[in-house]
There are 2 protein chains.
Amino acid sequence: MPIAVSDIERASSQTVKAQLALRDLILSGDLKPGDRISELNLVDRLGMSRTPIRMALARLEDEGFLEAIPSGGFTIKAFSERDVYDAIELRGTLEGFAARIAAERSVRGRLIEDMKVALRRIDDIAALPTLSVDHFSDYVGLNARFHALLVEAADSPVLKRQIERTLNLPFASPSGFVRVQAEMPEARKILIIAQDHHHCVVRAIEDREGTRAEALMREHARLAQRNLQLALRDQGTRSLLPGAVLIRGAMRSGVF
Amino acid sequence: MPIAVSDIERASSQTVKAQLALRDLILSGDLKPGDRISELNLVDRLGMSRTPIRMALARLEDEGFLEAIPSGGFTIKAFSERDVYDAIELRGTLEGFAARIAAERSVRGRLIEDMKVALRRIDDIAALPTLSVDHFSDYVGLNARFHALLVEAADSPVLKRQIERTLNLPFASPSGFVRVQAEMPEARKILIIAQDHHHCVVRAIEDREGTRAEALMREHARLAQRNLQLALRDQGTRSLLPGAVLIRGAMRSGVF
DNA sequence: CCAGTTGTTCTCGTATACAACATGAATTCT
DNA sequence: AGAATTCATGTTGTATACGAGAACAACTGG
């Protein structure tokens with residue numbers, strides 16, 4: 001989803017502004033993979049000095065969008081389809097780890113309750129006869145919230161940091177595929193399966209079944225992999241996938 | 001291990017110089033956890049302008065050594081004993097993931113051979129009647145090489161990046177505990193067990209036993225956890241642990 | 001005596017100037 | 001004609017200047 005202009009303008013510091021604007025420039029496909037980035041060019045385009053732009057470039061390199069050139073400067077990184085697969089499975093592995101330690105260590109009741117609340121609201125959406133775009137938008141939010149709460153439940157700052165890094169790549173995020181999902185005929189089916197995973201994980205955590213909780217989150221991530229596979233094969237849905245422009249390879253030679 | 005001054009001086013760019021020098025300043029305990037970092041102070045101490053220092057600070061924040069203050073600036077991060085535990089288990093999880101996909105996908109023979117070569121050389125060291133400091137130094141290098149080759153075998157840039165990030169925290173690195181190990185009576189015993197893990201993992205990868213390979217690497221990381229526990233309890237060995245100054249809590253009030 | 005306020009000082013974020021360097025094109029020599 | 005070399009241009013890395021804002025202390029009013 002493109003970032004609202006107001007978000008960029010409202011950002012307190014120029015550095016953050018540059019970071020958001022640049023991310024948007026990359027994700028929108030305005031800057032293509034392999035392109036070398038010209039700092040002075042960005043000075044014109046973003047209307048700020050080089051300093052905050054350089055800071056933002058360094059940040060985006062850490063986030064994985066850019067690759068440093070040995071002689072200096074950056075290029076936009078390109079991802080293979082397998083890279084994306086790996087990123088999703090990596091997220092599954094980390095979320096599985098989070099679920100496991102949440103199960104093994106005692107989880108405070110409040111977090112579990114919050115997770116259940118989110119799940120109930122997703123249940124309500126899933127029960128609706130038809131799913132509008134707004135409903136899907138709510139679903140995205142609730143889904144993201146559930147995943148965030150799971151990480152919270154692990155109560156490990158080190159792990160949280162690492163998971164957040166993985167989620168920087170937009171197509172690796174659990175919210176990455178919902179727009180694709182909304183357009184697919186199997187939308188409801190996938191939603192039902194994913195939601196079942198959610199319920200089972202909460203139950204496993206409550207019952208201190210660490211291994212089961214871990215396995216479930218891994219399998220859960222595999223749903224995203226399947227969505228990805230479907231999305232990339234079809235030019236229409238492909239455009240709904242955030243960051244799809246960064247993915248090279250299969251089906252690149254499409255309509256255009 | 002402290003970084004040689006020559007390494008810092010030889011570094012090409014001022015930014016890298018600042019990064020290495022700062023890391024050293026933090027790891028040596030010169031800058032203590034909780035301290036707010038003064039950029040101008042560093043200008044005097046490192047003899048360079050603010051620009052490369054600011055770059056280095058941003059990098060070190062990403063590496064996990066620093067924490068950004070909302071109002072601006074950074075403080076040295078402090079880690080709880082549990083944070084370190086989690087970081088090690090996280091490494092185990094990621095290396096386990098690497099071992100699994102190395103096993104599941106076909107691994108090129110060359111990498112496996114290189115791993116075996118490293119293991120044979122470790123075997124040679126383990127067979128020696130006495131273990132000198134030099135031998136342990138060799139062991140550190142070979143151990144690091146084996147772990148690096150394992151990541152290489154997974155052949156996944158995304159995973160590689162993430163593992164490298166985990167290894168930024170010195171106490172989470174597989175090489176972090178060898179200096180402690182060298183001083184402990186159980187040194188050889190632990191070395192033998194760790195080396196058995198290594199051998200078994202290679203075998204599991206060759207035999208495409210992904211689950212076993214994964215479990216082994218997880219258990220392997222647990223050895224480091226045990227080492228950590230022993231090391232932190234004893235003030236003498238504690239000083240041998242790189243980055244120990246960043247760990248607050250247990251046994252902090254020791255001899256001094 | 002305490003709290004609120006004001007003023008100072010220091011810090012950080014940003015802009016800009018400069019120098020070293022890499023890159024690429026034009027030119028010259030073989 | 002092709003290759004090497006030189007030169008010009010644009011780039012990045014670094015230093016520094018400046019302004020806005022925060023932390024802190026002194027001061028004043030209740």
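We name chains A, B, ... by the order of the sequence lines, and we start the count at 1 in each one. The structure displayed is predicted, hence computed values, not measured ones.
Residues satisfying the salt bridge (Lys or Arg N to Asp or Glu O under 4.0 Å) criterion with R36(B), sequence neighbours excluded, are absent altogether. Here R100(A) pairs with E104(A), E214(A), E89(B) under the salt bridge (Lys or Arg N to Asp or Glu O under 4.0 Å) rule; sequence neighbours left out. Scored by the salt bridge (Lys or Arg N to Asp or Glu O under 4.0 Å) test, D83(A) finds no partners at all (sequence neighbours excluded). Legend: residues meeting salt bridge (Lys or Arg N to Asp or Glu O under 4.0 Å) with D30(A), ordered by chain and number and at least two apart, are R45(A).
Of the residues listed (L66(B), L25(B), D24(B)), the one engaging L31(B) in a side-chain contact (heavy atoms from CB on, under 4.5 Å) is L25(B), and it is the only one.
Bending across the helix from dC1(C)-dG30(D) to dT30(C)-dA1(D), expressed as the angle between its end axes from five pairs apiece, amounts to 0° (10° rounding).
Side-chain contact between R110(A) and M115(A): absent, with no pair of heavy atoms (C-beta onward) separated by less than 4.5 Å.
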* salt bridge (Lys or Arg N to Asp or Glu O under 4.0 Å) between E81(B) and R248(B): does it pass, once the steps are laid out? -> CA-CA 7 Å; E81(B) 205 171 318; R248(B) 65 163 172 267; over 6 Å; no

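Judged by distance alone, with hydrogens and angles left aside, the side-chain atoms of Q162(A) form a donor-acceptor pair with the main-chain N or O of Q162(B) at under 3.5 Å.
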* To do: Determine, for nucleotides 8-18 of chain D in 5'-to-3' order, which nucleotides have protein heavy atoms under 4.0 Å from the base (write B), from only the sugar-phosphate (write S), or from neither (write -).
  => ---SBBBBBB-

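One can place CD1 of I53(A) at 11 Å from C1' of dT14(C), the figure rounded to the nearest angstrom.
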